[in-house]
Amino acid sequence: MHELSIAQSVIEIVEETIKPLHIIKVRSVTVKIGRMISILPESLRFGFDSLITGTALEGAELFIEDIPVKIKCRACLTESGIQKLNFICAMCGSTDVEMISGKELTVCEIEVEEQVS
Amino acid sequence: MNILNLEKRILEKNDLIAEENRSFFRKKNNFVINLVSSPGSGKTSLVERTIVCMKEKSISVIEGDVQTDLDAQRVARLGVPVVQIVTDGACHLDAGMVRDSLRDLDTGENSLVIIENVGNLVCPSDYDLGEDMKVVLISVTEGDDKPLKYPAMFRNAAVCVINKTDLIPYLQCDVEVLKRNALSINPDLKIFLTSCTTGSGIELWAEWLESNVRS
C-alpha cells in the first residue's frame, strides 16, 4: 500500500544523484527488493510510471531485482536459502539463524545519457 | 550511455530520522515499543490495560490513526500524556511523523513510550520509527495461520502478544499452531497470551515491560 511513496523516494534519489551531473536523460533505474520487504513489484512499477511524467526520468524503465531470503546458521555457519519462509538451516536444521539477505530496498544503478560537450 | 552505481537505500531518509528519534529516547531513558497489528486486534485496549496495570510507572503514548483521534481520547481519559498522529489516509507511521509528534509530548524520563501504529500488518513492517522493538499483536479471531500470511511483520518483531484468549473456546483457532507458525518465522519471538476483556495475562506482560524500562 505504500508503494507510491516508495516510488516517489526512488525518483527523488535519482533526481538528487543526477542534479550536479550533466545528464539529459535517465534510461533506466534498477532497484533491489528483498522478499521480506512488503512491496508489491507491480504496484511499485505503476507508481513509478505515474510519477515520472514531467521529470528527468520521463520514459525511464524500472527494473526490479527480486532478492530471495538467505540465512546464515549460527550453529554450523552454513549459508542457505529457505523453504516456504521456514527459518531453518538447510544443513543442520537449527533455527538459530540470522537473515543475511531478503531485506534489501535499494536503488542500485541507473542508466543515463550524458550531455555531449 | 553510462551506468551509474548508486547502492542507495530507498528508506535512508526515514532511517536517519529514526536514528534521531532513537537518540532522543535514549537520552531520556525511554523504553519504546512500536505496537503493530491488524485493525481490530485490540491495540488500544492493550494500551489501556497496560496503563492501568502499570499505574506506578510513567507512560506516554503516541497514537497513530488514519482518520480520527478516538484512540487518543480513550488513552487521555486514563490521565497519561498522549499525542495523536492522523495520517490522512497513509497506511503506516513513518519516522518523520513520530519526530514531529514529539514536540507535543512529554515522554518523561526512565519511562515507557508506546507508539500505537496504524492497524495494518503489511506496510508498518518496513518503517523504523526509532523504537527499541516492534511488538506484533494478533487476536485469536484472526486465525492461527496469520504469521505465515504476514511473515515480514512477525520476522521484524521481537515480541508477539496473542490477544482475546477469552474467546478461544468459541473458535477454531489452535493457539499452539498459532505459536508454532509464529516461531517458524521468528524463533526468537517472545510470546505473551492476553485477554483485554478479562485482564488475563496482562500482569505478566506489564512485568516484562517494567523490567525493560531502564531506571
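To find a chain, count down the sequence lines: A is the first, B the second, and so on, and within it residues start at 1. These values consider heavy atoms only, across backbone and side chains, with no hydrogens, waters or symmetry-generated copies.
- Distance alone, capped at 3.5 Å, places no donor-acceptor pair between the B:E131 side chain and the B:N34 backbone.
- Only the side chain of A:K103 has a heavy atom closer than 4.5 Å to any heavy atom of chain B.
- Neither the backbone nor the side chain of B:N181 comes within less than 4.5 Å of any heavy atom of chain A.
- Interface remark: A:E104 contributes no atoms to any contact with chain B (heavy atom separation under 4.5 Å).
- Counted by atom type alone, A:S80 and A:K72 present zero donor-acceptor pairs between their side chains at under 3.5 Å.
- For B:N2, the parts lying under 4.5 angstrom from a heavy atom of chain A are both the backbone and the side chain.
- Both the backbone and the side chain of A:T95 have a heavy atom closer than 4.5 Å to some heavy atom of chain B.
- In this structure, chain B has a heavy atom under 4.5 Å from the side chain of A:K32, while its backbone stays farther away.
- Only the side chain of A:E16 comes within contact range of chain B, with heavy atoms under 4.5 Å apart.
- Interface residue B:S184: backbone and side-chain heavy atoms are both found under 4.5 Å from chain A.
- A cation-pi arrangement is found for B:R155 relative to A:F87, the charged atom lying closer than 6.0 Å to the ring centre and inside a 45° cone about the ring normal.
- In this structure, chain A has no heavy atom under 4.5 Å from any part of B:Y150.
- Contact of A:V69 with chain B is not made at all, since no heavy-atom distance falls under 4.5 Å.
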